[in-house]
K.L.:
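Have a look at the structure that comes next, please.
We name chains A, B, ... by the order of the sequence lines, and we start the count at 1 in each one.
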Protein chains: 2
Amino acid sequence: MFESAEIGHCIDKETYDAEEPALREALLDAQYELKQQARFPVIILINGIEGAGKGETVKLLNEWMDPRLIEVRTFDQQTDEELARPPAWRYWRALPPKGRMGVFFGNWYSQMLQGRVHGQFKDAVLDQAITGAERLEQMLCDEGALIIKFWFHLSKKQMKTRLKALRDDPLHSWRISPLDWQQSKTYDRFVRFGERVLRRTSRDYAPWHVIEGVDPHYRSLAVGRILLESLQAALANEPKGKRQANVAPLGRSIDQMSLLGALDLSQRLDKADYQEQLVTEQARLAGLLRHKAMRRHALLAVFEGNDAAGKGGAIRRVAAALDPRQYRIVPIAAPTEEERAQPYLWRFWRHVPARGKFTIFDRSWYGRVLVERVEGFCTPADWMRAYGEINDFEEQLSNAGVVVVKFWLAIDQQTQLERFEEREQIPFKRYKITEDDWRNRAKWDVYRDAVGDMVDRTSTEIAPWTLVEANDKRWARVKVLRTINEALEAAFAKQKN
Amino acid sequence: MFESAEIGHCIDKETYDAEEPALREALLDAQYELKQQARFPVIILINGIEGAGKGETVKLLNEWMDPRLIEVRTFDQQTDEELARPPAWRYWRALPPKGRMGVFFGNWYSQMLQGRVHGQFKDAVLDQAITGAERLEQMLCDEGALIIKFWFHLSKKQMKTRLKALRDDPLHSWRISPLDWQQSKTYDRFVRFGERVLRRTSRDYAPWHVIEGVDPHYRSLAVGRILLESLQAALANEPKGKRQANVAPLGRSIDQMSLLGALDLSQRLDKADYQEQLVTEQARLAGLLRHKAMRRHALLAVFEGNDAAGKGGAIRRVAAALDPRQYRIVPIAAPTEEERAQPYLWRFWRHVPARGKFTIFDRSWYGRVLVERVEGFCTPADWMRAYGEINDFEEQLSNAGVVVVKFWLAIDQQTQLERFEEREQIPFKRYKITEDDWRNRAKWDVYRDAVGDMVDRTSTEIAPWTLVEANDKRWARVKVLRTINEALEAAFAKQKN
């Protein structure tokens with residue numbers, strides 16, 4: 001895999017000087033075209049052997065191109081904020097928007113390689129990290145991103161020479177590295193595991209480019225050319241052809257039974273029971289969130305449901321007993337301009353709670369497989385792959401200790417009609433009802449199928465859906481609170497074992 | 001994930017009897033259309049809870065449709081032949097050709113689930129198996145296959161009732177199962193790990209369909225409908241749109257250096273040295289293949305090279321000293337009709353050596369990234385993804401103990417010209433030279449780039465390429481033999497540690 005990066009590639013100064021100006025100009029042109037089209041982001045991953053010219057190359061790219069349109073990100077030690085969230089969070093927050101380039105200098109690959117080289121884990125765990133990286137990259141590419149992966153290589157002998165030169169150079173002697181490259185064993189292990197990583201993650205949608213790092217002229221021209229050709233090819237592409245999903249369509253219910261239909265919507269609480277249970281559950285939640293086990297967890301609640309099912313009221317009852325510093329309510333409406341320039345899940349990743357915190361999503365990423373599916377705002381291929389992407393997302397949350405609870409508040413058509421009419425009657429509730437609500441109501445059956453598929457495909461042990469009978473608001477509110485409390489207690493109990 | 005398969009779906013006999021005839025007819029129609037088009041194979045995976053009607057459903061599918069076009073495969077205990085090869089071999093040999101349906105009853109999922117439920121390995125290893133399954137399915141779908149995955153589900157209570165009924169029924173009491181389903185713990189673990197597997201492998205190109213197994217009418221109609229709709233959708237698709245690869249193009253050499261260019265083709269052996277070394281290495285190989293360590297290994301040698309580089313002669317020198325029962329030479333020419341009806345790698349999988357055996361490929365799967373790339377026989381997206389698929393393939397070989405050695409026999413243009421002319425002069429060699437050879441020769445530079453990319457992307461620690469300087473045939477033959485011997489000795493030594 002590294003053979004042809006050890007044969008002593010080099011380019012003489014004359015050739016380099018002759019070629020560099022045209023390359024720079026073409027790169028600049030491509031960069032502005034990228035900005036103009038603003039159709040996709042470019043993510044450049046920089047990895048490889050210490051001393052192989054990674055830093056110099058990144059510096060050069062910034063000189064050659066317009067640095068205002070390049071975001072260079074280094075990922076060294078995780079910050080406190082990053083440590084409090086799933087590992088991928090630091091990469092999501094650093095993604096370049098469409099039309100711009102992000103240089104990830106140190107990234108998911110350096111992280112997994114360092115861990116494996118240091119012997120923090122074995123191959124099986126490395127393979128899990130590799131799979132995670134593949135899924136992330138595939139998702140990014142499915143969302144349109146252009147990913148260019150560079151591995152800067154040196155033979156062991158070349159590396160030793162180079163490290164010595166750097167050490168003797170006062171301009172560079174401040175460099176530190178998380179791996180002790182002076183050890184010959186470090187090089188061997190890094191190359192061995194590096195090969196495993198490259199072999200498995202060099203995929204058609206995001207192949208690796210191995211660059212011999214000895215000669216700066218060669219290195220720079222090679223990187224510049226690959227970058228230029230990749231950019232030009234992607235810019236010339238038609239707006240990206242969606243992968244044709246040769247898939248089995250999702251089954252519709254063939255008997256008249258459905259999960260939602262199986263709910264007993266007549267369940268209710270009388271006022272006295274409600275008052276008592278509500279207060280009990282609220283106090284229980286407040287206590288749990290102050291529990292010391294909460295330091296190792298976060299809580300994330302998703303509220304979805306029929307229009308007028310009482311999401312807002314339920315959320316208020318959850319929040320009522322809590323310290324406002326501990327929770328956040330994130331209402332999800334149409335994405336902002338900044339959010340539209342990012343992959344679909346980006347606007348949810350940014351609100352992932354830190355450990356100890358509680359985030360309530362009033363509507364959520366499930367919009368993709370509900371309203372966007374029903375209204376045709378995205379293609380079937382998009383929402384079909386969303387189920388898998390969402391499960392990946394929630395698995396990452398769960399692995400990081402986030403307790404995920406998801407509610408679908410269900411009412412029947414008659415109850416909805418009554419609530420709509422009531423809203424139209426009462427002046428201070430009139431803002432709550434719009435034309436959209438009536439339109440959605442006409443699509444009742446289509447939504448019911450979408451909800452059924454959603455629950456079937458995303459209700460998992462680590463992030464189960466709870467269907468809430470919400471014809472009676474009291475019943476619904478207490479059930480929501482109790483479910484959250486039980487989920488937290490189960491997580492705390494599991495942690496103890 | 002299994003919620004809506006525990007709500008007691010059922011369909012009354014009247015409805016069933018009314019719907020069944022039309023469904024059968026439509027399925028038969030689709031089946032014949034599938035055969036007619038012969039554009040893609042259909043792979044149906046049958047998994048799930050014991051007693052949930054898997055066997056009955058497969059039986060029914062064969063009654064409903066034309067059983068001559070359905071191949072039902074069960075995968076129980078591996079046979080000796082299967083145990084002697086990589087685990088996936090049993091599935092490759094059972095793949096249905098284009099135009100036909102294969103029902104895989106018990107498959108890669110049952111295998112990994114049984115292992116995990118029995119506690120033979122932990123989650124990290126399960127995840128490796130899951131990744132392997134995903135890669136296999138993605139490759140099959142990229143090659144055009146329609147994969148339909150059914151999970152037959154029962155709640156624990158339903159399962160117990162059903163198992164009891166089956167046990168009391170003399171027609172069924174002979175059934176055995178590799179898992180002890182009478183144990184409540186078995187069910188719990190199976191469902192828990194099953195959910196992990198479904199969550200991670202339900203992808204847009206091959207989603208799972210969970211079927212509640214209690215009511216036979218519901219179960220049968222549900223499966224029939226999903227199968228029908230999937231078939232109809234796939235049959236109506238335009239010949240499959242290739243995934244547009246938003247990829248960086250492969251870099252061409254920007255200095256004039258290349259791996260092949262860096263070879264010292266002047267290396268040679270005089271006749272006496274050659275005779276001596278040849279005999280020594282041949283004896284060494286014969287000894288190694290008889291070594292008892294060979295029982296845990298197989299040997300696979302790939303020969304590629306320039307036309308007239310001497311592949312045939314080198315292969316003969318390797319084979320010369322061996323027992324013909326121990327090795328096989330597989331010459332790769334244009335694929336047969338049967339092979340064209342299968343995924344690209346199928347015709348190589350079928351020749352994978354069993355443990356203790358030695359297979360020599362005279363040309364190989366690398367044709368995809370050499371001649372097929374250069375001649376445009378496949379799309380760039382196809383050969384770009386071939387690098388990854390080939391690495392996956394060779395990793396599976398290596399994991400199963402197969403020692404993989406790959407040779408590129410390199411000569412220069414002048415030597416090739418001399419050999420071509422010699423072949424045209426000498427009557428008994430004339431069959432060896434064709435118009436194609438002269439045509440390929442004109443594409444010397446294009447082939448050189450393709451070989452460079454091939455080595456860069458597929459020369460790995462587990463399956464390295466050896467570039468053989470072949471201007472001097474003696475040198476080449478001895479180097480080939482010595483490389484094979486060293487690879488075998490290294491593998492035997494590693495095994496001892």
Side-chain angles (χ1 to χ4, degrees), chain A residues 1 3-4 7-11 124-125 127-128 131 141 144 146 148 192 195 199-200 202-207 209-210 218 221-222 225-226 229-230 233-234 237 240-241 243-251 254-255 257-259 262 381 384-385 387-388 391 395 452 455-457 459-461, chain B residues 1 3-4 7-11 124-125 127-128 131 141 144 146 148 192 195 199-200 202-207 209-210 218 221-222 225-226 229-230 233-234 237 240-241 243-251 254-255 257-259 262 381 384-385 387-388 391 395 452 455-457 459-461:
Chain A
M1 201 135 249
E3 284 87 344
S4 74
I7 60 176
H9 281 290
C10 69
I11 290 214
V125 172
D127 287 351
Q128 288 179 318
T131 303
C141 290
L146 172 65
I148 309 175
R192 176 147 63 94
E195 202 215 71
R199 187 174 74 228
R200 287 169 165 248
S202 209
R203 296 282 146 185
D204 51 346
Y205 48 84
H209 300 275
V210 178
Y218 171 80
L221 278 193
R225 290 268 188 89
I226 290 169
E229 288 175 20
S230 308
N237 270 351
K240 216 190 151 198
R243 180 153 42 128
Q244 186 173 336
N246 199 4
V247 298
L250 297 188
I254 58 167
D255 50 11
M257 298 194 66
S258 66
L259 268 178
M384 281 295 296
R385 78 180 150 79
Y387 297 116
N391 284 335
E395 186 169 331
V455 174
D456 283 350
R457 291 178 183 279
S459 191
T460 58
E461 194 192 2
Chain B
M1 202 135 248
E3 284 87 343
S4 73
I7 59 175
H9 281 289
C10 68
I11 290 213
V125 172
D127 287 351
Q128 287 180 318
T131 303
C141 290
L146 173 65
I148 309 174
R192 176 147 63 93
E195 201 215 72
R199 188 174 74 228
R200 287 169 165 248
S202 209
R203 296 283 145 184
D204 51 346
Y205 48 85
H209 299 276
V210 178
Y218 171 80
L221 278 193
R225 290 268 189 90
I226 290 169
E229 288 175 20
S230 308
N237 270 351
K240 217 190 151 199
R243 179 154 42 128
Q244 186 173 337
N246 199 5
V247 298
L250 297 187
I254 58 166
D255 50 11
M257 297 194 67
S258 67
L259 268 178
M384 280 295 296
R385 78 179 150 79
Y387 297 116
N391 284 335
E395 186 169 330
V455 174
D456 283 350
R457 291 178 183 278
S459 191
T460 58
E461 195 192 1

K.L.:
Measure the CG-CZ distance between A:N391 and B:R203 for me, rounded to the nearest 0.5 Å.
P.N.:
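So the CG of A:N391 and the CZ of B:R203 are separated by 8.0 Å.
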K.L.:
Please look at B:A262 and chain A and tell me whether the side chain, the backbone, both or neither of the residue comes under 4.5 angstrom of a heavy atom of that chain.
P.N.:
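Looking at B:A262, just its side chain touches chain A.
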K.L.:
Distance check, rounded to the nearest 0.5 Å: A:M1 atom CE versus B:R457 atom CZ?
P.N.:
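Going from CE on A:M1 over to CZ on B:R457, the span is 7.5 Å.
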K.L.:
Go through the atoms of A:T460 and report whether side chain, backbone, both or neither lie under 4.5 Å from a heavy atom of chain B.
P.N.:
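Looking at A:T460, backbone and side chain both touch chain B.
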K.L.:
Taking every heavy-atom pair that is under 4.5 Å apart, which of B:D456, B:V210, B:I11 has the most such pairs with chain A?
P.N.:
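Highest number of pairs under 4.5 Å: B:D456.
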K.L.:
Below 4.5 Å from any heavy atom of chain A, which atoms of B:T131 appear? Answer side chain, backbone, both or neither.
P.N.:
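Side chain only.
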K.L.:
What closest approach, in Å, do B:P207 and B:S202 show between heavy atoms, and which atom pair accounts for it?
P.N.:
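Looking at all heavy atoms of both residues, the shortest contact is CA-OG, 3.7 Å.
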K.L.:
Specify the closest pair of heavy atoms between A:L146 and A:A234, including all atoms of both residues, with the distance to one decimal.
P.N.:
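The answer is CD2-CB, 3.9 Å.
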K.L.:
For B:Q128, is it the side chain, the backbone, both or neither that has a heavy atom under 4.5 Å from a heavy atom of chain A?
P.N.:
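It is the side chain, since no backbone atom gets that close.
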K.L.:
With B:E195, which residues qualify under side chain to side chain donor-acceptor pair (under 3.5 Å), at least two apart?
P.N.:
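Expected list: B:R199.
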